[in-house]
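Here is the structure we will look at.
When reading the values below, keep in mind they use all heavy atoms of this one structure, side chains included, and skip hydrogens, waters and symmetry mates. Order of the sequence lines fixes the chain letters, A, B, ..., with proteins taken first and strands second; residue numbering starts at 1 for each chain. Note that this is a predicted model, so its numbers are computed, not measured.
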Protein chains: 2
Amino acid sequence: MGRQMTEMLKGTLEGIVLALLTGNPAYGYEITTLLRRQGFTEIAEGTVYALLVRIEQKGLVDVEKRPSEKGPPRKVYSLNEQGEKELDEFWNTWSFLSERLEQLRKGGK
Amino acid sequence: MGRQMTEMLKGTLEGIVLALLTGNPAYGYEITTLLRRQGFTEIAEGTVYALLVRIEQKGLVDVEKRPSEKGPPRKVYSLNEQGEKELDEFWNTWSFLSERLEQLRKGGK
DNA sequence: ACTGGTACATAGTACCGCTAAGTAGTGGAG
DNA sequence: CTCCACTACTTAGCGGTACTATGTACCAGT
């Protein structure tokens, strides 16, 4: 992946995954394919799983293990209350940054 | 600074500084105060200087040393051709990410 | 002499995405 | 029945970037 994109994803990828999870529980492999379908074609699998471990340890998601027809059991993640709070803050942070950048792009010094 | 903002700035702060520099050469201390005035009130001074060293080593800016009325000489940075190219790519990367996130925010799965 | 503003530098830390490799289960092709 | 492809998760080590903390240096006003 491009160096710029890699750096820019730091901090935002977590928010993206939390957003994907709202009202839509999903498991790791599924999330990876979802991301790829959204255009993030080069997101590494390992990155997603590591991120999921992190947000679980931070208590932003609840986890349920379910058997799969194919392969090992799935770990299904669903956003909990704390996760929604974190997502709210994420959107706030994003909005701030986004507005500043759009202003800069229009040449607003 | 908030943990989220810190992470989100990774990758974008460089672009922000490059954008500030377009058609407007500036020195480190000045850039820091500019950023603070733009709302990035908690950007650490050291962060800016480290970033400037980095973009200079990457060859994105030209540097000129000028005496200051007050304090040590200033290092004035101006965007060069390569820097403009990098900034272009930054805006492309940013646009991509920005569009995906706005789509997500509107609930577009 | 001291304080505060100007101006730059850097060593150490933490976080996060990536690379690379591995484990494990199922099903189909040869 | 063996191998390969797909599903599904895990982990060790690396690199890049922002932060913390501290230091250096120069000048003005009190």
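Close to C:dC16, at under 4.0 Å from its OP1 or OP2, lies a side-chain N or O of B:Arg3. OP1 or OP2 of D:dA18 has at least one side-chain nitrogen or oxygen of B:Arg54 nearer than 4.0 Å. At least one side-chain nitrogen or oxygen of A:Ser68 sits closer than 4.0 Å to the OP1 or OP2 atom of D:dA8. Distances shown here put every side-chain N or O of B:Tyr27 at or beyond 4.0 Å from the OP1 or OP2 atom of C:dC8. Neither OP1 nor OP2 of D:dC9 sits under 4.0 Å from any side-chain N or O of A:Lys65.
Taking atom CZ of B:Arg36 as the reference point, atom C1' of C:dA7 lies 13 Å away to the nearest angstrom. Atom C1' of nucleotide C:dG17 and atom CE of A:Met8 are separated by 14 Å, given to the nearest angstrom. At whole-Å resolution of the value, CD1 in A:Ile31 and P in D:dT10 are 12 Å apart. Between A:Arg66 atom CZ and C:dG25 atom C1' the separation is 19 Å, expressed in whole Å. One atom, CD1 of B:Ile43, and another, C1' of D:dA18, lie 8 Å apart when rounded to the nearest Å. When the C1' atom of D:dC27 is taken as reference, atom CZ of B:Arg74 falls 12 Å away, rounded to whole Å. Nucleotide C:dG4 holds its P atom 14 Å from the OH atom of B:Tyr29, rounded to whole Å. The CG atom of A:Leu13 sits 8 Å away from the C1' atom of C:dG17 (whole-angstrom rounding).
Rounding to the nearest 0.5 Å gives a distance of 8.0 Å between CD of A:Glu84 and OG1 of A:Thr22. Rounding to the nearest 0.5 angstrom, the gap separating the CG atom in B:Leu34 from the CD1 atom in B:Ile16 is 12.0 Å.
The residue among A:Gly46 and A:Gly11 whose nearest nucleotide of DNA chain C lies closer to the 5′ end is A:Gly11. DNA chain D is contacted by both A:Tyr49 and B:Leu51; A:Tyr49 maps to the nucleotide lying nearer its 5′ end (nearest heavy atom per residue). Of the two residues near DNA chain D, A:Lys70 and A:Val53, the one whose nearest nucleotide lies more 5' is A:Lys70. Remark on DNA chain C: of its neighbouring residues A:Glu69 and A:Glu42, the 5'-side contact belongs to A:Glu42, judged by nearest-heavy-atom nucleotide.
Here the side chain of B:Thr47 is nearest to one of D:dT17, C:dC18, D:dC19, namely D:dC19. With C:dC8, D:dT11, C:dG17 as the candidates, the nucleotide lying closest to the side chain of A:Thr6 is C:dG17. Ranking D:dC19, C:dC8, D:dT10 by closeness to the B:Leu9 side chain, first place goes to D:dC19.
Here the side chains of A:Tyr77 and A:Leu21 are in contact, with some heavy-atom distance below 4.5 Å. Side-chain contact between A:Leu87 and A:Leu79 is present, with heavy atoms from C-beta onward closer than 4.5 Å.
No hydrogens or angles were tested; on distance alone, nothing pairs the side chain of A:Lys10 with the base of C:dC15 as donor and acceptor under 3.5 Å.
The aromatic rings of B:Trp94 and A:Trp94 sit parallel, their planes meeting at an angle under 30°, below the 60° perpendicular limit.
One finds no salt bridge joining B:Lys58 and B:Glu56 here, because no Lys/Arg side-chain nitrogen approaches an Asp/Glu carboxylate oxygen to under 4.0 Å.
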